[in-house]
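This report concerns only the one structure given below.
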Number of protein chains: 2
Amino acid sequence: MAFKRPPTAQEAVLEELRRAILAGELKPGTQIVQDAFAERLGLSRVPVREALKILEGEGQVRYSPHHGYFVTELDVNELLEIYRIRELLESEAVRLSVPLLGDEDLARLEQAIEDMAEASGRKDIVALTAANRRFHFSLFEPSGMHRMVRLIRQLWDSSDPYRSLYFGEPVHRDAVDREHRQILKAARRRDSEGLVHLLDEHRSHAIDELKKILGEEAS
Amino acid sequence: MAFKRPPTAQEAVLEELRRAILAGELKPGTQIVQDAFAERLGLSRVPVREALKILEGEGQVRYSPHHGYFVTELDVNELLEIYRIRELLESEAVRLSVPLLGDEDLARLEQAIEDMAEASGRKDIVALTAANRRFHFSLFEPSGMHRMVRLIRQLWDSSDPYRSLYFGEPVHRDAVDREHRQILKAARRRDSEGLVHLLDEHRSHAIDELKKILGEEAS
DNA sequence: CTTCGGAACACTGTATACATGATCCGATGT
DNA sequence: ACATCGGATCATGTATACAGTGTTCCGAAG
């Protein structure tokens, strides 16, 4: 029976920071005061700082010496850039993955779709985005390109706070569900190019909505 | 008169770590003992740890909880993966950049070529690789895709220790010089596709040599 | 001779305490 | 009234000290 307790405090902080950012408790642009956050977790500032350094490397927070750490806010252009890079990398990953997909991989895709439906019913956005991730990364990981998958994960992390806005709307959740099922079919057919195309559309739908949301936010 | 002294100690450590890794003082696979490195710089371990965390995020060092930090060693497959990702991202960046290239950008390219020739004469590998970076990134930065350029920079960082092996050989330095001049010509013609093609070849030459070097190392 | 257990060591992980730099605000002078 | 200077305050940056974990090596038992 393996406990999930992380081996170091930094990792615990890291998890909590990620969760807080994802859940919108730490909104883009706000400063993360080390003292406050450390006290909240009952730890000292050192592990907090180290976790923040990791997030800095991933681009999740912005760092200014002697000023501190701030949750990065993305403008529309940056979001578009992220999606463009994702398109390049994910297409490549999928092309490598699809021919290698095994039954377990397909099962994992199906399971992720069901998990999303279940989480959607409970209106549990965190679980929803987690299952969404499992779905997509089940398509990338069989490629065996660890480094590439890691970069893709970074890109996902960067846009997480915005994606959770997207999942807030039930309409979008339904659309995502339909598209995922189509993607699963393409995977079953081992149709790489079809799958790449479906993913492109999938992303562009998300972009359209995110543009709207960001547009409203700016007004 | 602005001193170049970094505002924080971590940054000083970071510079020194990068330099040491690039210069081969810290060989891939060796552990970086925090105490030892801190003492060497006359600092405490805290800023050293923080600098290491940044490098971890960039993939320059590997971290294992309670075991410490090790300079990452790349196997051939990982190196190939890095070059494949670079191909995807750099091609895109260049396609966006070339139409936007101004006279200053072309001048910078020419300057970088001259700097490399000069550094090559002095057998200053560090200056050589620095100028090489300036050359290539002058082709990426005008794209305006900050995030993409940053990712490309990470990939370059990861393979730096190996690239400096490559530059060790005068034969390779001459080949690189010739190829850079061809690339500059294509840039002057604003020939995006030609430039992308030249860059592809440029990279694959480097890969061929790196394979050899790594192959010998394994034996 | 091999294997198992445990104690000592070394290094990392974290907390506490102190130093430094930045910002804000009011006082002072023009 | 306004600009400038200076100090108080806050958050960050760093050092020191201690705790925890993993490893190694040695000795005893089988």
Side-chain angles (χ1 to χ4, degrees), chain A residues 1-21 25-73, chain B residues 1-21 25-73:
Chain A
M1 175 96 183
F3 282 94
K4 273 209 300 189
R5 188 193 53 164
T8 65
Q10 335 164 3
E11 300 201 19
V13 177
L14 197 55
E15 274 183 27
E16 173 60 12
L17 277 169
R18 283 193 205 283
R19 195 200 55 71
I21 292 175
E25 293 173 24
L26 293 172
K27 295 218 174 72
T30 61
Q31 180 170 12
I32 300 175
V33 180
Q34 303 173 6
D35 264 324
F37 206 83
E39 193 177 3
R40 167 173 155 185
L41 297 183
L43 298 167
S44 86
R45 270 171 40 220
V46 178
V48 175
R49 293 172 61 82
E50 308 209 336
L52 285 168
K53 273 278 179 295
I54 294 177
L55 291 178
E56 182 199 352
E58 294 176 359
Q60 292 260 73
V61 301
R62 187 170 49 81
Y63 169 66
S64 173
H66 298 294
H67 288 244
Y69 296 86
F70 301 81
V71 183
T72 53
E73 25 188 0
Chain B
M1 180 82 188
F3 282 94
K4 271 209 301 190
R5 187 192 54 164
T8 65
Q10 335 166 1
E11 300 202 19
V13 177
L14 197 55
E15 275 184 24
E16 173 61 12
L17 276 169
R18 283 192 205 283
R19 194 200 55 71
I21 292 175
E25 293 173 24
L26 294 173
K27 295 219 174 71
T30 61
Q31 180 170 12
I32 301 176
V33 180
Q34 303 172 6
D35 263 324
F37 207 84
E39 192 178 6
R40 167 172 155 185
L41 298 183
L43 298 166
S44 87
R45 269 171 41 218
V46 178
V48 175
R49 292 173 61 82
E50 307 208 338
L52 284 169
K53 272 278 180 294
I54 295 177
L55 291 179
E56 182 199 353
E58 294 176 359
Q60 291 261 74
V61 301
R62 186 170 50 82
Y63 168 66
S64 174
H66 298 293
H67 289 244
Y69 296 87
F70 301 80
V71 183
T72 52
E73 27 189 359

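Naming: A, B, ... by sequence-line order, numbering from 1 per chain. Because the structure is predicted, anything quoted here is derived from the model rather than measured.
A heavy atom closer than 4.0 Å to some atom of DNA chain D occurs in A/Tyr63, A/Pro65, A/His66, A/His67, A/Gly68, these being the qualifying members of residues 55-73 of chain A. The stretch residues 29-38 of chain A does not touch DNA chain C, since none of its heavy atoms comes less than 4.0 Å from the strand. Residues from residues 41-48 of chain B that place a heavy atom under 4.0 Å from any atom of DNA chain D, listed by number: B/Leu43, B/Ser44, B/Val46, B/Pro47.
Every residue two or more places apart in sequence or in another chain that forms a side chain to side chain contact (heavy atoms under 4.5 Å, CB included) with B/Glu25 is listed here: B/Arg19, B/Ala20, B/Ala23, B/Arg40.
Tested against B/Tyr69, the residues B/Val33, B/Thr30, B/Leu52 include a single side chain to side chain contact (heavy atoms under 4.5 Å, CB included) partner, B/Leu52. Only one option out of B/Lys53, B/Glu50, B/Arg49 pairs with B/Gln10 in a side chain to side chain donor-acceptor pair (under 3.5 Å); it is B/Glu50.
For C/dT12, neither phosphate oxygen OP1 nor OP2 lies less than 4.0 angstrom from any side-chain nitrogen or oxygen of B/Arg49.
Taking every heavy atom of both residues into account, B/Ala9 and B/Pro47 meet most closely at CB-CB, 4.1 Å. What you find for A/Val71 and A/Lys27 is that their closest heavy atoms are CB-O, 3.6 Å. When every heavy atom of A/Val13 is checked against every heavy atom of A/Val48, the shortest pair comes out as CG1-CA, 3.9 Å. Residues B/Thr8 and A/His66 approach most closely at CG2-NE2, 3.9 Å, considering heavy atoms.
A/Glu50 comes within 4.0 angstrom of no nucleic acid atom, judged by non-hydrogen atoms across all strands.
Inter-residue side-chain proximity for A/Leu17 and A/Leu26 is flagged as met; some heavy-atom pair is nearer than 4.5 Å.
Between the side chain of A/Gln31 and the backbone N or O of A/His67, at least one donor-acceptor pair lies under 3.5 Å.
If you take CD of B/Glu39 and P of D/dA15, they are 13 Å apart, rounded to a whole angstrom. Distance, B/Glu11 CD to D/dT14 C1': 14 Å, rounded to whole Å.
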Using residues 56-65 of chain A as the side-chain source, report each donor-acceptor pair under 3.5 Å to any protein atom, sequence neighbours left out, with the distance given to one decimal.
from	atom 1	to	atom 2	distance (Å)
A/Glu58	OE1	A/Arg18	NH1	2.9
A/Glu58	OE2	A/Arg18	NH2	3.2

